[in-house]
Amino acid sequence: MEECIFCKIINKEIPAHIIYEDENNLAFLDVNPRCKGHTVVIPKEHAKNPFGLSDESLKLLFVATKKTMQRIDEKLKPDGYNVGWNQNSAGGQVVPHMHVHILPRWRDDGGGNMHSIVNHPGDETVEEVAKYFNAQ
Ligand code: AMP
Ligand code: ZN
């Protein structure tokens with residue numbers, strides 16, 4: 001028996017407000033929303049993060065995310081979105097089943113952007129970091 005809470009939602013062992021579902025993915029309203037329509041999109045296959053999913057599964061997850069956003073767009077008509085995932089505990093991940101957060105945004109809702117997640121660039125210059133990648 002799978003102990004993961006999101007696998008339990010997939011198996012309909014615990015309820016959720018499902019707003020999109022296809023063969024491979026499921027999207028439901030976050031139980032503790034940070035904004036109206038805060039939604040998580042999950043692959044039905046259990047994996048902690050994208051490194052544990054095939055390229056094909058990730059493509060389908062990305063398409064399911066777009067389709068979920070189109071549904072939110074139609075019903076809630078937000079002005080914008082932030083979309084992404086928390087990866088590993090350092091990235092703030094709590095539920096160990098890959099999930100894409102969709103945060104609908106409204107003008108003047110007081111929220112931030114990607115840059116408000118962290119501001120700790122460290123001691124190395126951008127040029128020094130580029131050397132790790134042999135990037136020009
Ligand atoms: P995180 O792992 O930090 O990226 O976030 C996990 C998210 O899942 C949080 O925003 C929770 O509010 C949400 N969550 C946890 N359990 C449930 C549940 N049973 N139904 C809906 N959302 C959930
Ligand atoms: Zn799971």
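Both backbone and side-chain heavy atoms feed into the values below; hydrogens, waters and symmetry mates do not. For ligands, and for the atoms within them, numbers begin at 1 and follow the listed sequence.
The ligand atoms of ligand 1 that sit less than 4.0 angstrom from a heavy atom of Leu29 are 21 (C). Atoms of ligand 1 lying under 4.0 Å from any heavy atom of Asn86, numbered from 1 in the order shown and given with element: 1 (P), 3 (O), 4 (O). Atoms of ligand 1 found under 4.0 Å from any heavy atom of Asn32 (numbered from 1 in listed order, with element): 12 (O).
With hydrogens and angles disregarded, a donor-acceptor distance shorter than 3.5 Å links the side chain of Arg71 to the backbone of Ile19. A side-chain donor-acceptor contact under 3.5 Å links Lys77 to the backbone of Glu74. Between the side chain of Lys66 and the main chain of Leu61, no donor-acceptor pair closer than 3.5 Å is present. Side chain of Asp30 to main chain of Asn32: a donor-acceptor pair is present (N/O by atom type, distance under 3.5 Å, no hydrogens or angles).
The protein atom (non-hydrogen) at minimum distance from atom 9 (C) of ligand 1 is Asp30 OD2, 3.4 Å. Remark: minimum distance from atom 8 (O) of ligand 1 to any protein heavy atom is reached at Phe6 CZ, 3.5 Å. For atom 2 (O) of ligand 1, the nearest protein heavy atom (residue, atom name, distance) is Val94 N, 2.7 Å.
Summarising the contacts of atom 4 (O) of ligand 1 with His97, His99, Gln93, the nearest heavy atom is found in His99. Taking all heavy atoms of Val31, Ile9, Asn88, Ile14 into account, the minimum distance to atom 23 (C) of ligand 1 is reached by Val31.
Using a 4.0 angstrom heavy-atom cutoff, Val40 does not count as in contact with ligand 1. Contact annotation: Ala16 has no heavy atom less than 4.0 Å from any atom of ligand 1. Every heavy atom of Trp85 sits 4.0 Å or more from the atoms of ligand 1. For the pair His101 and ligand 1, a heavy-atom separation below 4.0 Å is found.
No side-chain donor-acceptor contact under 3.5 Å links Tyr20 and Gln70. For the residue pair Thr68 and Thr65, no side-chain donor N or O sits within less than 3.5 Å of a side-chain acceptor on the partner.
Hydrophobic clustering, with ILVMFWY side chains joined whenever heavy atoms are under 4.5 angstrom apart, groups Val83 together with Leu53. In the hydrophobic clustering of this structure, Leu103 does not group with Leu29; members are Ile, Leu, Val, Met, Phe, Trp, Tyr whose side-chain heavy atoms approach within less than 4.5 Å, directly or through other members.
Taking any N or O of Gly92, backbone or side chain, at least one lies under 3.5 Å from an N or O belonging to ligand 1. Taking only nitrogen or oxygen atoms, main chain and side chain alike, Ile5 does not reach within less than 3.5 Å of ligand 1.
His97 contributes ND1 and Cys4 contributes SG; the angle these two atoms make at the Zn ion (ligand 2) is 110°, rounded to 10°.
Closest of all the heavy-atom pairs between Ala27 and Thr39 is CB-CG2, 4.1 Å. Of all non-hydrogen atoms in His38 and Pro33, the two that sit nearest each other are ND1-CA, 3.6 Å.
Between the Zn ion (ligand 2) and the N, O or S atoms of His46, the shortest distance is to ND1.
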